[in-house]
Amino acid sequence: MLPQPQGRAVGRGADRHLRAGARRLRRWPLRRVRTLDAGSDKPVAFATHEGEENPALGVRGLRLSFSNPDLLERQLDAIAAAAVETGTEAWVMAPMVATVAEAADFAEGVRRRGLKAGVMVEVPSAALLAHRMLEVVDFLSIGTNDLTQYTMAADRMATDLAHLTDPWQPAVLQLIAITAEAGRQAGKPVGVCGEAAADPLLACALVGMGVTSLSMAAAAVRPVGARLATVSMDTCEDAAEAALAASDPRAAREAVLALLEG
């Protein structure tokens with residue numbers, strides 16, 4: 001059995017974390033909030049399970065709530081209170097969701113507090129079942145860093161596997177396209193965050209696939225925005241087709257670049 005987070009020190013640490021998250025929502029009333037994504041390369045003392053043989057495939061993200069449901073409940077309470085105080089319609093998403101049942105259970109708790117419910121698409125199973133995920137949640141957000149890692153079975157921290165953890169990998173692009181199409185058919189938003197969203201060329205292809213929003217580091221906003229301002233939706237759709245038809249990441253980049261600058 002895995003060791004469980006417990007004790008008064010753990011409780012105090014969790015409370016501090018939740019208060020900090022609520023303060024951020026009050027200060028920057030953004031619509032989308034991700035619940036705790038601890039574990040693997042994001043250790044948090046009060047939540048991370050110690051001694052896991054393969055933490056990247058272990059208890060992280062939403063899975064932390066399976067043995068400690070109060071941790072998630074307190075997060076949702078804090079987000080709901082901050083949303084009321086700021087007058088924000090908070091959209092809350094859970095990381096590391098692998099099944100439709102997990103998505104449905106999370107959505108029930110979120111909606112009970114008057115919030116919009118969504119999930120991160122980081123696990124290939126979530127992408128493949130995106131249409132069914134959208135039957136139980138209000139939106140999806142594709143986390144391309146983890147989605148690439150799990151699709152290609154390559155640790156994103158391993159520099160010698162960088163060629164595999166490239167978001168232009170054909171398999172990754174196909175999963176993104178499946179998810180975006182599910183959103184289009186359901187009439188629900190599908191966003192992308194991670195390195196893919198910060199790539200001006202790939203951003204055009206993502207929009208063409210049907211992605212409705214891009215989340216990136218502040219430094220990437222200007223170059224991505226500048227590139228998108230020069231293209232039409234028809235061109236983005238052509239870029240998506242070119243990227244999806246390519247046999248490898250290099251070919252996909254070259255095809256999109258040739259189309260956009262041709």
**Request:** Evaluate the side-chain proximity of L214 to L206: yes if any heavy-atom separation is below 4.5 Å, no if none is.
**Result:** yes
**Item:** Considering all heavy atoms, the nearest V190-A180 contact
**Value:** CG1-CA, 4.3 Å
**Request:** Given side chain to side chain contact (heavy atoms under 4.5 Å, CB included), test Q185 with H131 step by step and report yes or no.
**Result:** CA-CA 8 Å; Q185 292 183 9; H131 61 295; 5.7 Å; no
**Fill in**
d(F66 CZ, L71 CG) to nearest 0.5 Å is 12.5 Å
**Message:** On a heavy-atom basis, which atom in P170 and which in A246 lie closest, and how many Å separate them?
**Reply:** CG-O, 3.9 Å
**Salt bridge flag under 4.0 Å for residues R32 and E89** = no
**Complete:** Of all heavy-atom pairs linking V231 and C236, the shortest is CG2-SG, 3.6 Å
**Asked** Got a second to check how far R34's CZ is from S215's OG, nearest 0.5 Å?
**Response** 9.0 Å
**Prompt:** Which heavy atom in G191 sits nearest to a heavy atom in T212, and how many Å separate them?
**Reply:** N-OG1, 4.3 Å
**Asked** Could you state the interatomic distance from CD (E195) to CG (L202), rounded to the nearest 0.5 Å?
**Response** 10.5 Å
**Minimal non-hydrogen separation, G143 against M120, with atom names** = CA-CE, 4.0 Å
**Asked** Can you find a pair of side-chain heavy atoms, one from S141 and one from V121, that are under 4.5 Å apart?
**Response** no
**A126 to V97 - nearest heavy-atom pair and separation** = CB-O, 3.6 Å
**Item:** Exam field: side chain E102 to backbone A98, donor-acceptor pair closer than 3.5 Å
**Value:** yes
**Prompt:** Is there side-chain contact between F106 and V136, with heavy atoms separated by less than 4.5 Å?
**Reply:** no
**Message:** For a 4.5 angstrom cut-off between non-hydrogen side-chain atoms, does M93 reach V119?
**Reply:** no
**Request:** Identify, with sequence neighbours excluded, every residue that meets salt bridge (charged side-chain N to carboxylate O under 4.0 Å, His left out) alongside D166.
**Result:** R253
**Asked** Can you tell me how far OG1 of T35 sits from CD1 of I79, rounded to the nearest 0.5 angstrom?
**Response** 7.0 Å
**Asked** With a 4.5 Å heavy-atom cut-off, do L62 and L72 have their side chains touching?
**Response** yes
**Request:** Please lay out, stage by stage, how D199 and M216 fare under the test side chain to side chain contact (heavy atoms under 4.5 Å, CB included).
**Result:** CA-CA 9 Å; D199 181 332; M216 67 203 73; over 6 Å; no
**Pair D248, W168: side-chain N/O donor-acceptor within cut-off below 3.5 Å** = no
**Asked** Do the charged groups of E73 and R112 touch, with an N to O distance under 4.0 Å?
**Response** yes
**Asked** Mind checking whether R227 and L260 have side chains closer than 4.5 Å, heavy atoms only?
**Response** yes
**Message:** Checking D138 now: which residues fulfil salt bridge (charged side-chain N to carboxylate O under 4.0 Å, His left out) with it, not counting sequence neighbours?
**Reply:** R111
**Prompt:** Would you say the side chains of T151 and T148 form a donor-acceptor pair under 3.5 Å?
**Reply:** no
**Value rounded to 0.5 Å, distance of CD in Q149 from OG1 in T144** = 11.5 Å
**Prompt:** Between M152 and Q169, is any pair of side-chain heavy atoms under 4.5 Å apart?
**Reply:** yes
**Message:** Measuring only between side-chain heavy atoms, which start at C-beta, is T235 closer than 4.5 Å to C204?
**Reply:** no
**Request:** Look up atom CG in L259 and atom CG in D238, then write down how far apart they are to the nearest 0.5 Å.
**Result:** 5.5 Å
**Message:** Under a 4.0 Å threshold between the charged nitrogen and the carboxylate oxygen, would R132 count as salt-bridged to E135?
**Reply:** no
**Prompt:** When clusters are formed by joining ILVMFWY residues with side-chain heavy atoms under 4.5 Å apart, either directly or through shared neighbours, do V84 and V110 land in the same one?
**Reply:** no
**Request:** Tell me, with the steps shown, if K116 and V92 meet side chain to side chain contact (heavy atoms under 4.5 Å, CB included).
**Result:** CA-CA 6 Å; K116 292 280 189 178; V92 187; over 6 Å; no
